[in-house]
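To find a chain, count down the sequence lines: A is the first, B the second, and so on, and within it residues start at 1.
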2 protein chains.
Amino acid sequence: MGIITAINTEPASTHRYLNSDRQNNDIRQFGVAGLMATAHSCTYMRDIASSRNLTAGETLFWEDDPIQYTYLIIDGSMKAYKLLPNGRSQITRFITTGEIISSPLIDNYSYSTEALGDCTILQLPQKRFDKIMAKDPALMKSIFGKLSIELQRTQKQILLLGRMPAIERVSNFLLDIAQRQNPQTAHFESDMLITLPMARADIADYLGLTIETVSRAFSKFRRDGLIDLPRPNLVRLRDQTRLRAQSHSLTG
Amino acid sequence: MGIITAINTEPASTHRYLNSDRQNNDIRQFGVAGLMATAHSCTYMRDIASSRNLTAGETLFWEDDPIQYTYLIIDGSMKAYKLLPNGRSQITRFITTGEIISSPLIDNYSYSTEALGDCTILQLPQKRFDKIMAKDPALMKSIFGKLSIELQRTQKQILLLGRMPAIERVSNFLLDIAQRQNPQTAHFESDMLITLPMARADIADYLGLTIETVSRAFSKFRRDGLIDLPRPNLVRLRDQTRLRAQSHSLTG
DNA sequence: CGCGGCATTGATCCCGGTCAAAGGTCGTGG
DNA sequence: CCACGACCTTTGACCGGGATCAATGCCGCG
């Protein structure tokens with residue numbers, strides 16, 4: 001089964017934020033999301049999970065919709081965004097393979113989500129997931145940790161939006177994507193190639209800029225020899241050090 | 001004892017975000033923060049908590065400091081902020097009486113905090129608090145809920161910083177403060193008086209603007225008859241409806 | 001080959017930042 | 001109680017970064 005495969009075959013990832021002062025005997029790694037759960041929780045989740053495909057541009061849910069599922073992205077990328085009455089939109093988060101969409105203890109989504117390209121996702125009914133969590137402190141702690149991390153990330157985003165000029169926002173964005181696509185080698189790789197799953201308009205909506213300003217920033221980086229742009233959404237980082245220097249590094 | 005008083009005498013507040021499908025027999029309301037905990041947790045917290053006074057401008061902790069305590073503000077207001085190498089600062093949150101400062105499962109603070117005026121706070125050693133939480137799912141759930149709410153708030157702040165012009169930011173700020181200072185009557189009160197515990201510089205750092213722009217927005221609201229400014233940090237909302245109309249209401 | 005959608009580039013405009021000065025407010029000391 | 005001074009706020013004049021408007025380029029697909 002695709003679902004079970006998705007849950008079971010992924011290698012263990014590290015969990016810096018988890019205190020590991022509890023017995024490991026009936027604890028298993030749970031899927032790409034890097035969640036910790038008891039064996040019992042795992043089998044139960046396997047039973048209630050179902051997979052689903054999304055095509056490019058498809059909306060998964062809208063802001064204010066009642067929360068029905070916790071989602072795990074198996075493949076592809078999505079955007080989470082908020083809309084203003086005047087039609088302007090602000091992307092709060094890009095969500096990629098291996099990440100979860102979960103808002104426990106909340107009744108309605110606080111943002112809409114849309115697939116950037118074709119996606120495969122796994123969905124777990126929220127109420128049942130809540131019950132599993134209630135009986136599995138390790139799982140709850142795990143989700144808890146993800147929430148904390150997400151909160152820290154949004155705080156960085158607030159600093160970026162409130163106090164950084166366009167050039168710094170874009171360089172931070174590139175370095176951030178680079179790190180997410182290549183966590184191990186990001187700092188050392190001198191000529192790293194990254195793929196942007198989103199269009200310029202999405203980058204602009206994420207950074208609080210316009211398409212034109214984002215494009216101009218990319219062009220400036222190309223002129224200055226910091227990046228190559230073989231295609232609009234293929235970026236080669238040619239001088240990561242210099243890029244980081246002018247980003248005021250939000251990325252540690 | 002001041003501490004115990006602070007924990008025990010406050011009236012119960014509502015908890016929209018809490019499922020109340022568990023037995024209420026040994027559950028007690030816990031202090032102004034509106035946390036739920038077992039009686040046992042309460043007495044234990046009472047024992048390990050200590051109170052502390054801060055004078056205006058005093059720093060409680062710096063960004064990147066190791067996390068030592070969970071704090072509860074008994075009286076006064078604080079700001080949480082991040083700094084950039086070039087000296088610019090961005091306030092991510094204002095924290096007032098009855099609110100908590102807690103970053104569970106994280107090793108270091110992701111922001112600095114400073115008292116806006118004189119403050120009284122309650123502090124609970126983080127490690128002991130973690131242990132209490134591990135044994136008290138209701139308390140954990142409660143903190144969990146607060147974290148979720150805070151995440152939603154930061155997402156609104158991202159929308160504000162990324163996509164709103166100065167006037168809308170300031171009107172949203174005023175309406176937000178109004179609602180926090182007077183949750184019950186905020187919508188009906190026609191001539192509501194609010195006290196700003198922070199200076200213009202702090203408002204500017206919170207809204208991603210400059211002191212001058214904030215001041216100009218206040219003056220414009222005064223000219224347009226939306227507010228009175230008996231003193232720099234005393235605001236009377238004279239036409240909340242019209243204020244809300246031009247805020248693109250982030251405040252429901 | 002031509003069309004449609006996205007990205008780039010250029011020209012101009014305007015909101016909000018910067019710089020500078022004047023006005024208020026409050027605490028302190030005479 | 002008033003006078004002084006430090007600091008905060010307000011107001012004005014000007015400037016610049018990024019938005020807006022518009023044209024051109026690029027690429028995939030029918």
Colleague: Is the phosphate of dG17(C), meaning OP1 or OP2, less than 4.0 Å from a side-chain N or O of Thr213(B)?
Modeller: yes
Colleague: Please report the end-to-end axis angle for the helix from dC1(C)-dG30(D) to dG30(C)-dC1(D), five pairs per end, rounded to 10 degrees.
Modeller: 30°
Colleague: May I have the distance from Leu207(A) (atom CG) to dA19(D) (atom C1'), rounded to whole angstrom?
Modeller: 15 Å
Colleague: Any side-chain N or O of Ser215(B) under 4.0 Å from OP1/OP2 of dT10(D)?
Modeller: yes
Colleague: Measure CG/Leu116(B) against P/dC8(D) and give the value in whole Å, please.
Modeller: 13 Å
Colleague: Nearest whole Å is fine: how far is dC21(D) P from Ile211(A) CD1?
Modeller: 13 Å
Colleague: Within the pair Arg222(B) and dT11(D), is there a side-chain N or O less than 4.0 Å away from OP1 or OP2?
Modeller: yes
Colleague: Of all residues at least two apart in sequence or in a different chain, which pass the side chain to side chain contact (heavy atoms under 4.5 Å, CB included) check with Asn53(B)?
Modeller: Thr120(B)
Colleague: Establish whether the base of dT20(D) is bridged to the side chain of Arg216(A) by a donor-acceptor pair shorter than 3.5 Å.
Modeller: yes
Colleague: Just compare dT10(D), dT9(D), dA22(D) and give me whichever is closest to any side-chain atom of Ala199(B).
Modeller: dT9(D)
Colleague: To the nearest Å, give me how far apart CG (Asn233(B)) and C1' (dT9(D)) are.
Modeller: 11 Å
Colleague: Any side-chain N or O of Arg231(B) less than 4.0 Å from the OP1 or OP2 oxygen of dC26(C)?
Modeller: yes
Colleague: Taking any heavy-atom pair under 4.0 Å as a contact, classify Arg223(A): base, sugar-phosphate, or nothing.
Modeller: nothing
Colleague: Under 4.0 Å: is that the gap between some side-chain N or O of Thr210(B) and OP1 or OP2 of dG17(C)?
Modeller: yes
Colleague: Have a look at Arg163(A) and say if it touches a base, only the backbone sugar-phosphate, or nothing, with a 4.0 Å heavy-atom cut-off.
Modeller: nothing
